[in-house]
There are 2 protein chains.
Amino acid sequence: MAHVGLTVERLTRAGAELADEIGFDQVTVSAVARRFGVKVPSLYSHLKNSQDLRTRIALYALEELADRAAEALAGRSGKDALTAFADVYRDYAGEHPGRYAAARLRLDPETAAGSAGVRHARMTRAILRGYDLTEPDQTHAVRMLGSVFHGYVSLELSGGFSHSAPDSQESWSRILDALDALLRNWPAR
Amino acid sequence: MAHVGLTVERLTRAGAELADEIGFDQVTVSAVARRFGVKVPSLYSHLKNSQDLRTRIALYALEELADRAAEALAGRSGKDALTAFADVYRDYAGEHPGRYAAARLRLDPETAAGSAGVRHARMTRAILRGYDLTEPDQTHAVRMLGSVFHGYVSLELSGGFSHSAPDSQESWSRILDALDALLRNWPAR
DNA sequence: CCGTCTTGCCTAAAGGCTTTAGGTAATTCC
DNA sequence: GGAATTACCTAAAGCCTTTAGGCAAGACGG
């Protein structure tokens, strides 16, 4: 077969696209090879194994998501920042369900520490600068925001809120109102 | 081989146990057959296919979780109910990570409608009777609670909060305080 | 008590994904 | 121009899924 020019980057990107099309857990080395019109073993000089492919897609998605979030956060603060940040997550999951699922892949601690996950955590904390929270409440709030965003998007993606009133968009918007109110009025111990 | 007495129920239960031991997505028809000391094709007279097995495990876990939640909710109201209900989820996920993962399996709408998922939704709504919320805010709050519970448990399970201060238990408890405060003080539109 | 029917698990087999080992042709480099 | 490297290939083994068909033991009617 002719030279196709396989690289880890191209394989990762193709895997990410494939994830959005057929679902992250349907992404296999075979499927990616097929997409490049190449025999499966050819990928093994670029990838350690199947898990390696999945991990790379996850890191790619985390990076992409963090870039979007960072851009959305620039120049905003308070509720404005909270909403923009949250919307980045929800919109990304809507546009790229496969990549979003990839971003939720459990990474081993070392890989996680070197991933864009760290940026996500820092940005979430940055949002809280617009509110009057001190440690350890700030950390509790970081964890809660992460939970709500991930939880809502994940339930919405799995069809939890579809076909029932009120509209998911309205719930999302009202939940963000509620979170803003909560952060401005975080209960003392 | 001798008569083993395979039934769909026994296969489902074994699959649920296996899920907790090796992870829900490692649960295969092969693995369950192995556990019964039986050849793989023997299971196909009880199961339609691999997805059928997974779905049954999911329904089983949803049922079990709903039973526990119902028991915890009996005789409680207000914050007491909120906490007890939330703890059931978190504890179940901690004790049975594989089953919890199974309970999050995306079911097709028809299957979902006949599942214990409906009870979960009703119970969440029941908790809100202890707070002064009217529609559509009640629905928004139901969705938010579901998101936080699922999101938190899911992040905790994937190792998000381990090895970092403060303790995850403390965050959980403070987040429940915060949710209680929020529900008592839900912002008007 | 005996033959038949049914039930319950088995072997055979095909197709797909993963992964390793080793081959070949084209490109790169001295 | 020849040697080394690169990039993709074939071969093959192992595991999982799923369908088709077989056999033996227990259930059941005569």
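Residue numbers start from 1 in every chain, and the chains themselves are labelled A, B, ... in the order their sequence lines are given, proteins ahead of strands. What you are looking at is a predicted structure, and each value in this text was computed from that prediction instead of being measured.
- A/L43 has its CG atom 12 Å from the C1' atom of C/dT19, to the nearest Å.
- B/E63 places none of its side-chain heavy atoms less than 4.5 Å from the side chain of B/Y60.
- Applying the 6.0 Å contact sphere to CD of B/E110 captures no more than 12 heavy atoms from other residues, nucleotides or ligands.
- Atom C1' of nucleotide C/dC9 and atom NE2 of B/H3 are separated by 8 Å, given to the nearest angstrom.
- Atom CD of B/E71 has 12 or fewer neighbouring heavy atoms from other residues, nucleotides or ligands inside a 6.0 Å radius.
- Under the 4.5 Å side-chain criterion, counting only non-hydrogen atoms from C-beta, B/S171 is in contact with B/Y152.
- For the helix from C/dC1-D/dG30 to C/dC30-D/dG1, the axis fitted to the five pairs at one end and the axis fitted to the five pairs at the other end meet at an angle of 0° (nearest 10 degrees).
- The number of heavy-atom neighbours closer than 6.0 Å to CG of A/D132, taken from other residues, nucleotides and ligands shown, is 12 or below.
- Using a 4.5 Å heavy-atom threshold, the side chains of A/T83 and A/D87 count as touching.
- The shortest side-chain heavy-atom distance between A/K39 and A/S30 does not fall under the 4.5 Å cut-off.
- The B/K39 side chain lies nearest to C/dT11 when the options are C/dT11, C/dC9, D/dC8.
- Computed from coordinates, the B/R10 CZ to C/dC9 P distance equals 9 Å when rounded to whole Å.
- With sequence neighbours left out, B/E64 forms a side-chain hydrogen bond (donor to acceptor under 3.5 Å, both in side chains) with B/Y92, B/R99.
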So which protein nitrogen or oxygen atoms get under 3.5 Å of nucleotides 12-14 of chain C's nitrogens or oxygens?
none

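- Looking only at atom types and distance, the side chain of B/R143 has a donor-acceptor partner in the side chain of A/S164 under 3.5 Å away.
- Taking atom CG on A/L18 and atom P on C/dC17, their separation rounds to 12 Å, with Å as the unit.
- Against DNA chain D, the stretch residues 25-33 of chain B makes heavy-atom approaches under 4.0 Å through B/T28, B/V29, B/S30.
- Side-chain contact between B/R125 and B/R122 is absent, with no heavy-atom pair separated by less than 4.5 Å.
- A side-chain N or O of A/D180 and one of A/Y131 form a donor-acceptor pair less than 3.5 Å apart.
- No close placement of the B/Y100 and B/Y89 rings is indicated, their centers lying 6.0 Å or farther apart.
- Residue A/R34 places at least one side-chain N or O under 4.0 Å from the OP1 or OP2 atom of C/dC17.
- Interface residues of residues 44-57 of chain B facing DNA chain D, ordered by number: B/Y44, B/N49, B/S50; criterion, heavy-atom separation under 4.0 Å.
- Pairs engaging residues 155-167 of chain B under the salt bridge (charged side-chain N to carboxylate O under 4.0 Å, His left out) rule: B/R90-B/E156 [sequence neighbours left out].
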